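Working notes for the structure below.
Throughout, protein chains are lettered first and strands after them, A, B, ... in sequence-line order, and every chain is numbered starting at 1. Because the structure is a prediction, the values reported are computed rather than measured.
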There are 2 protein chains.
Amino acid sequence: MKLQYQPPIASITVDCVLFGFIEGQVHVLLIKRGSEPEIGKWALPGGFIEQKESITEAASRVLELLTGITGVYMEQFHTFGETERHPLARVVTVGYYALIDAAHHNLKPSWHAEETAWFDISKMPKLAFDHKAIFQLALKTLQKELNISPIIFELLPTKFTLSDLQNVFEIILGRTMDRRNFRRRLKTMDILIELDEVRPGAHVGATLFKFDKKKYKTLQAEGFDFSL
Amino acid sequence: MKLQYQPPIASITVDCVLFGFIEGQVHVLLIKRGSEPEIGKWALPGGFIEQKESITEAASRVLELLTGITGVYMEQFHTFGETERHPLARVVTVGYYALIDAAHHNLKPSWHAEETAWFDISKMPKLAFDHKAIFQLALKTLQKELNISPIIFELLPTKFTLSDLQNVFEIILGRTMDRRNFRRRLKTMDILIELDEVRPGAHVGATLFKFDKKKYKTLQAEGFDFSL
DNA sequence: ACAAAAGTGTTCCTTTTACACCCATGA
DNA sequence: TCATGGGTGTAAAAGGAACACTTTTGT
């Protein structure tokens with residue numbers, strides 16, 4: 001590796017794909033670009049990394065700057081480095097994704113974004129740059145990840161019903177599941193705590209549950225299977 | 001996203017984790033650094049990306065430059081961007097990994113590397129920079145990937161015995177498997193073609209097989225499970 | 001009274017696991 | 001002849017898939 005040091009030739013950005021669950025549908029957070037290039041187009045929240053911060057730190061900072069959302073654990077999933085992906089310069093972007101309970105994170109208006117909004121993942125607008133590809137890979141990564149980790153609980157509020165949970169699975173995986181089998185399997189996994197509480201619904205009330213993080217951590221060590 | 005364009009502040013490199021199967025053991029390809037910093041230390045083959053190439057192209061070019069190995073399909077697995085990971089400058093590196101049949105790729109000496117060698121993954125030397133962490137994450141990614149893709153066949157020559165195959169699985173996953181169950185499951189998957197050939201071994205000859213890529217592609221569409 | 005969602009068991013079949021002996025060959 | 005690795009079957013257990021009716025409550 002007799003390679004001399006070479007000065008930087010590309011800028012580095014991060015882009016964040018934030019999934020949220022709103023009104024029974026999975027949504028993604030987008031901002032409307034307020035500057036050139038691609039001004040006025042919808043895009044993933046993103047920005048340049050700075051000299052003294054790691055890429056992960058940049059992702060958190062940028063997300064907060066653009067949306068006001070803080071304290072979210074984001075997972076890096078891919079780096080996009082095609083030479084032509086940005087029209088004005090060589091820009092390499094590192095993609096992060098996260099799932100959040102949208103209801104409990106308020107979007108703060110920011111002068112950095114002209115507008116910020118959640119979009120149903122089945123009704124996405126045209127996106128700037130190669131953000132469509134970035135979004136699609138994030139979704140694919142999420143689908144794979146669902147099989148091996150309880151990441152899905154991040155989408156739900158602390159208290160949720162089994163129907164809520166099944167709903168999220170069905171939307172993200174794009175298929176339906178048998179209710180009885182679903183419930184039995186979750187019971188077997190033993191990672192939910194049943195609460196003495198019922199959500200007063202339109203009809204018969206549904207029992208509320210919460211996720212048992214402690215029990216999950218124990219299981220995780222053995223590497224367990226979350227596929228449904 | 002009212003973010004002005006910002007000039008590059010970090011160099012970008014790629015690092016390649018190449019796995020090979022040699023004398024019944026999984027090995028990784030390392031080079032001895034021939035320039036500062038960390039001169040003389042073992043490191044993953046890597047180098048800077050250039051202006052007019054994508055990151056993936058850079059990975060292939062760098063690998064060939066340093067080792068003479070070409071035509072390998074490498075998979076990106078993570079980007080490392082801690083501010084202090086390189087002692088002299090801000091350098092962000094994109095990690096790639098691949099599996100190759102080491103016997104069929106000759107290492108060509110290169111003036112870029114003082115020395116190039118395969119190391120048994122259970123006997124790794126001290127590595128330069130944060131390359132130990134990069135290697136470890138590559139191995140972990142590979143272990144996960146084994147469950148969902150037939151990537152493991154890349155490690156083996158075209159013709160191999162079932163024992164060879166089981167051997168590779170056991171080494172990478174770090175556990176032993178029952179021989180009869182292993183063989184049955186592969187028979188069920190139906191992705192191997194039995195050859196009319198036997199490897200003249202030290203004792204009773206072992207039947208040779210080859211991987212049925214066509215059949216695998218058909219199965220892949222349905223998304224199939226390769227876990228053993 | 002009816003519409004809408006919650007809750008609940010059983011059967012069948014497939015898959016997984018555990019386990020031990022004989023065979024062919026070369027040294 | 002013995003040491004080495006190749007090859008083979010079965011039984012028991014666990015897990016996955018398919019399937020329909022009753023309950024509660026608001027309108």
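- At whole-Å resolution of the value, CZ in R185(B) and C1' in dT16(C) are 7 Å apart.
- Summarising the geometry, the separation between CD on Q166(A) and C1' on dA5(C) is reported as 12 Å, rounded to the nearest angstrom.
- The CZ atom of F182(B) sits 19 Å away from the C1' atom of dC19(C) (whole-angstrom rounding).
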Verdict with supporting geometry, M74(A) and L18(A), side chain to side chain contact (heavy atoms under 4.5 Å, CB included): CA-CA 9 Å; M74(A) 289 194 281; L18(A) 233 67; 4.2 Å; yes

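- Residues F160(B) and F211(B) place their aromatic rings such that the two centres sit no closer than 6.0 Å.
- The separation between L186(A) atom CG and dT8(C) atom P is 13 Å, rounded to whole Å.
- If you check every strand for non-hydrogen atoms under 4.0 Å, R183(A) touches a base.
- Rounded to an integer number of Å, the gap from CG of L208(A) to C1' of dG7(C) is 15 Å.
- Two residues are said to be in side-chain contact when any heavy atoms from C-beta on lie closer than 4.5 Å; H78(A) and F77(B) fail this criterion.
- Across all strands, T188(B) comes closer than 4.0 Å to no nucleic acid atom at all (heavy-atom distances).
- Rounded to a whole Å, the NZ atom of K187(B) is 16 Å from the P atom of dT16(C).
- Interatomic distance, NE2 of H27(A) versus CD1 of I171(A), reported as 9.5 Å (0.5 Å rounding).
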Solution key, residues 122-129 of chain B side-chain donor-acceptor pairs under 3.5 Å, sequence neighbours excluded:
{"unit_1": "S122(B)", "atom_1": "OG", "unit_2": "D120(B)", "atom_2": "OD1", "d": "2.8"}

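- Residues from residues 173-181 of chain B that place a heavy atom under 4.0 Å from any atom of DNA chain C, listed by number: D178(B), R180(B), N181(B).
- Once you apply a 4.0 Å limit to the heavy atoms of chain A, the touched nucleotides of DNA chain D run 5' to 3' over dG16(D) to dG26(D).
- By the neighbour-count criterion of 12 heavy atoms within 6.0 Å, atom CD of E38(B) is densely surrounded, having more than that number from other residues, nucleotides or ligands.
- Mapping H203(A) and V204(B) onto DNA chain D via the closest heavy atom, the residue that lands nearer the 5' end is V204(B).
- Classified by interplanar angle (parallel below 30°, tilted 30° to 60°, perpendicular above 60°), the ring pair F19(A)/F135(A) is tilted.
- Here the CG atom belonging to L192(B) is positioned 5.5 Å from the CG atom belonging to L186(B), to the nearest 0.5 angstrom.
- Residue contacts for T207(A): at a heavy-atom cut-off of 4.0 Å it reaches the sugar-phosphate backbone alone, with no base atom in range.
- Rounded to a whole Å, the CZ atom of R184(B) is 11 Å from the C1' atom of dC19(C).
- No side-chain heavy atom of K41(A) sits under 4.5 Å from any side-chain heavy atom of K32(A).
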